[in-house]
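Working notes for the structure below.
Any value given below was found using the heavy atoms of this structure, including those in side chains, with hydrogens, waters and symmetry copies removed.
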Amino acid sequence: MPKAVSPLFVCGATASGKTAYALRMAEELGGEIVNGDAFQLFRGIEILSAAPSEEEKKGFHHHLFGVLEPGESCDAGRYFEMAMPVISEIQSRGKTPIVVGGSGLYLKFLTHGPSPLPKGDEKMRAEMDGQTLEELLAELEAIDPVEAAQVNRGNKRYVSRSLEICRLTGEKVSELRDGWEKKTQELEKTLRGVWLIRERLDLHERIALRTKQMLSRGAIEEVSALAEIYGNWEKAIGVKEIRRFLSGEISRKECEELIVFATRQYAKRQETWFRREKWLEQLEI
RNA sequence: GGCCCGAUAGCUCAGUUGGUAGAGCAGCGGAUUGAAAAUCCGCGUGUCCCUGGUUCGAAUCCGGGUCGGGCCA
């Protein structure tokens with residue numbers, strides 16, 4: 001049995017050129033591409049999510065692109081469940097899995113594994129959405145004061161998540177988390193990946209160009225085609241803005257501008273994330 | 001040509017009776033293991049158009065310019 005080739009992770013901000021770089025590496029290493037992007041998983045928003053085109057996919061196997069219905073929900077855990085078998089299957093054929101994407105949390109599940117914490121509970125989340133941040137904090141405070149002190153108290157999502165775990169397990173999150181996450185030092189030595197870094201101004205130009213192309217090449221049509229479908233996909237950058245354009249609230253120019261702003265801000269958050277992943281080899285591009 | 005209005009942060013603008021200025025957006029930095037292209041936290045970046053004057057002190061009041069917009073010719 002051939003020794004499994006460890007996957008190569010190709011990370012970077014949106015519009016930094018990951019797709020092109022990954023294709024080159026696929027050529028060089030004899031690899032196959034695995035999607036590492038939370039939104040390119042969905043079918044129907046290929047243009048909006050800047051998924052590789054049919055042309056680009058030609059020549060190399062591409063996995064996990066457009067595999068979810070737009071109405072489906074997904075999370076990092078489900079992505080992990082989907083991606084691991086794909087990766088080992090590629091390895092079993094002696095090829096190199098090249099995981100390409102910008103979704104930090106999703107990639108982190110692949111590189112570091114999921115925590116033993118329970119997954120999200122839709123019903124409970126709906127219930128907590130109806131509660132105020134103060135109520136949630138008070139409850140968390142009562143159950144797990146340690147967690148209440150260290151959680152990001154202004155972020156209702158995070159407070160809810162902490163409380164959700166307490167409610168689901170009947171235990172304290174802070175204790176459940178303790179012990180996990182410490183073993184990363186050794187683990188990270190075995191990881192292989194690059195972070196494509198592009199100068200900010202250059203990146204901004206690429207974002208502006210890509211946004212313009214997206215809008216003229218069908219992103220608007222994608223959004224209007226999915227008008228009746230609710231779900232995870234709606235949080236993609238551009239959906240909100242395109243809907244405002246379609247309703248006549250803003251002009252096309254404003255729509256484009258707002259998408260550019262949102263995309264730049266996203267790119268900045270991605271850079272903040274990858275900066276912390278010290279195991280990534282930084283590659284100025 | 002005459003009259004009127006405006007000029008303050010990258011943009012749109014606020015600024016009380018004179019005490020060297022602040023909002024939104026943009027931008028920058030950060031957090032982030034099960035919603036993550038999500039969500040949240042922090043940071044004001046300034047020839048207050050120029051110039052002379054009044055005043056202890058001018059973004060603010062007065063004179064003269066410059067530029068932009070409007071009205072009348």
- Note on the structure: Residue pairs meeting side-chain hydrogen bond (donor to acceptor under 3.5 Å, both in side chains), one or both in residues 129-144 of chain A, sequence neighbours left out, come to A:Gln131-A:Arg167, A:Glu139-A:Arg167, A:Asp144-A:Ser174

- Item | Distance, rounded to the nearest Å, where A:Leu176 contributes CG and B:G34 contributes P | 12 Å

- Identify whether any heavy atom of A:Gly113 sits under 4.0 Å from a base atom; if not, whether one sits that close to sugar-phosphate; answer base, sugar-phosphate or nothing. base

- Message: Between A:Glu81 and A:Arg78, does any NZ, NE, NH1 or NH2 come within less than 4.0 Å of an OD or OE carboxylate oxygen?
- Response: no

- ILVMFWY cluster membership beyond A:Ile47 - transitive side-chain contacts under 4.5 angstrom: A:Met214

- Could you check how far OH of A:Tyr79 sits from P of B:A37, rounded to whole Å? 11 Å

- Message: Rounded to whole Å, please give me the gap between CE in A:Met128 and P in B:U39.
- Response: 17 Å

- Pairwise P distance, B:U16 and B:C62 [rounded to whole Å]: 14 Å

- Message: Mind checking if A:Ser49 touches a base, just sugar-phosphate, or nothing, with heavy atoms under 4.0 Å?
- Response: base

- Convert the base pairs of RNA chain B into dot-bracket notation, remembering that pairs crossing earlier ones are written with [ ] and that bases paired across to another strand are shown as |; include only Watson-Crick or G-U pairs under 3.5 Å. (((((((..((((.....[..))))((((((.......))))).)...(((((..]....)))))))))))).

- Query: Which part of the nucleic acid, if any, lies within reach of A:Tyr158 when heavy atoms closer than 4.0 Å are counted: base, sugar-phosphate only, or nothing?
  - Reply: base

- If you take atom types as modelled and just measure distance, does the side chain of A:Lys268 reach the base of B:G29 with a donor-acceptor pair under 3.5 Å? yes

- Which part of the nucleic acid does A:Arg264 contact within heavy-atom distance under 4.0 Å: base, sugar-phosphate only, or nothing? sugar-phosphate

- Message: Please determine whether a side-chain nitrogen or oxygen atom of A:Thr14 lies at a distance below 4.0 Å from atom OP1 or OP2 of B:A37.
- Response: no

